[in-house]
Amino acid sequence: LHPRVIHLDPDIYEDPMEFKYNRFLDDNQKEKTDFYKNGRKLKHYLMPFGAGVSMCPGRFFAINEIKQSMCMLLLKYDMELVNLTEPVPPVDNSRAGLGVLMPKYDVQFRY
């Protein structure tokens with residue numbers, strides 16, 4: 001299965017399209033590793049870079065680049081949303097299986 005299909009499966013994750021900061025934490029605030037599908041515990045419940053022999057060889061580089069980019073944005077710019085009441089845009093599933101899924105519309109912010 002494509003990782004995005006697993007990440008959006010409501011049988012595995014309750015409300016998969018809703019952001020939940022504690023989705024991967026158990027009641028003791030430790031990493032939650034018990035996710036089930038059809039009564040079976042999943043070995044690979046989160047696969048942002050694939051799994052097994054097809055795991056992305058550049059995953060460590062990619063994670064560091066994301067962290068560096070986010071740090072630079074947060075340190076160098078004062079950003080704020082233009083409309084605080086605007087809902088989170090839904091994901092455009094027309095590119096499912098082809099990488100990162102973009103939102104259906106842009107979120108406006110100023111800096």
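Below, each value reflects all heavy atoms present in this structure, side chains not excepted, and no hydrogens, waters or symmetry copies.
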I need the [X] [atom1] to [Y] [atom2] distance, nearest 0.5 Å.
X	Y	atom1	atom2	answer
L8	Y13	CG	OH	9.5 Å
L75	M70	CG	CE	10.5 Å
R23	L25	CZ	CG	11.5 Å
C71	I66	SG	CD1	12.0 Å
N22	K32	CG	NZ	9.0 Å

Just checking D78: does its CG atom have more than 12 heavy atoms from other residues, nucleotides or ligands closer to it than 6.0 angstrom?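 No - once you tally the heavy atoms of other residues, nucleotides and ligands closer than 6.0 Å, there are 12 at most.
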Would the number of heavy atoms belonging to other residues, nucleotides or ligands and lying under 6.0 Å from CG of N64 be above 12?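 Enclosed: over 12 neighbouring heavy atoms sit under 6.0 Å from CG of N64.
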Does D9 reach the side chain of P16, with side-chain heavy atoms less than 4.5 Å apart?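 D9 vs P16: side chains apart.
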Mind checking whether F24 and L46 have side chains closer than 4.5 Å, heavy atoms only?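 F24 vs L46: side chains touch.
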I'd like to check the ring pair (Phe, Tyr, Trp, His ring centres under 6.0 Å) partners of Y45; sequence neighbours left out, ordered by chain and number.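 Partners of Y45 by the ring pair (Phe, Tyr, Trp, His ring centres under 6.0 Å) criterion, ordered by chain and then number, come out as F35.
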Where is the tightest heavy-atom contact between E14 and K20, given as atom of each residue plus distance?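 Result for this residue pair: O-NZ, 3.5 Å.
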Which atom names give the shortest non-hydrogen contact between M79 and F109, and what distance separates them?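 Closest pair (atom of M79, atom of F109, distance): SD-CE1, 3.8 Å.
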N28 side chain vs K30 backbone, donor-acceptor pair below 3.5 Å: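 Such a contact is absent between N28 side chain and K30 backbone.
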Pairs meeting criterion side-chain hydrogen bond (donor to acceptor under 3.5 Å, both in side chains) with involvement of residues 101-111, two or more places apart: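 Pairs touching residues 101-111 that pass the test: E80-R110.
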L84 reachable from Y77 in the ILVMFWY side-chain graph, under 4.5 Å edges: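 Yes.
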Taking M102 as the starting point, is it possible to reach V107 by hopping between hydrophobic residues whose side chains are less than 4.5 Å apart?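 Unlinked, V107 and M102 end up in two clusters.
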Residues L81, E86; criterion side-chain contact (heavy atoms from CB on, under 4.5 Å); working and verdict: CA-CA 9 Å; L81 293 173; E86 184 177 12; over 6 Å; no
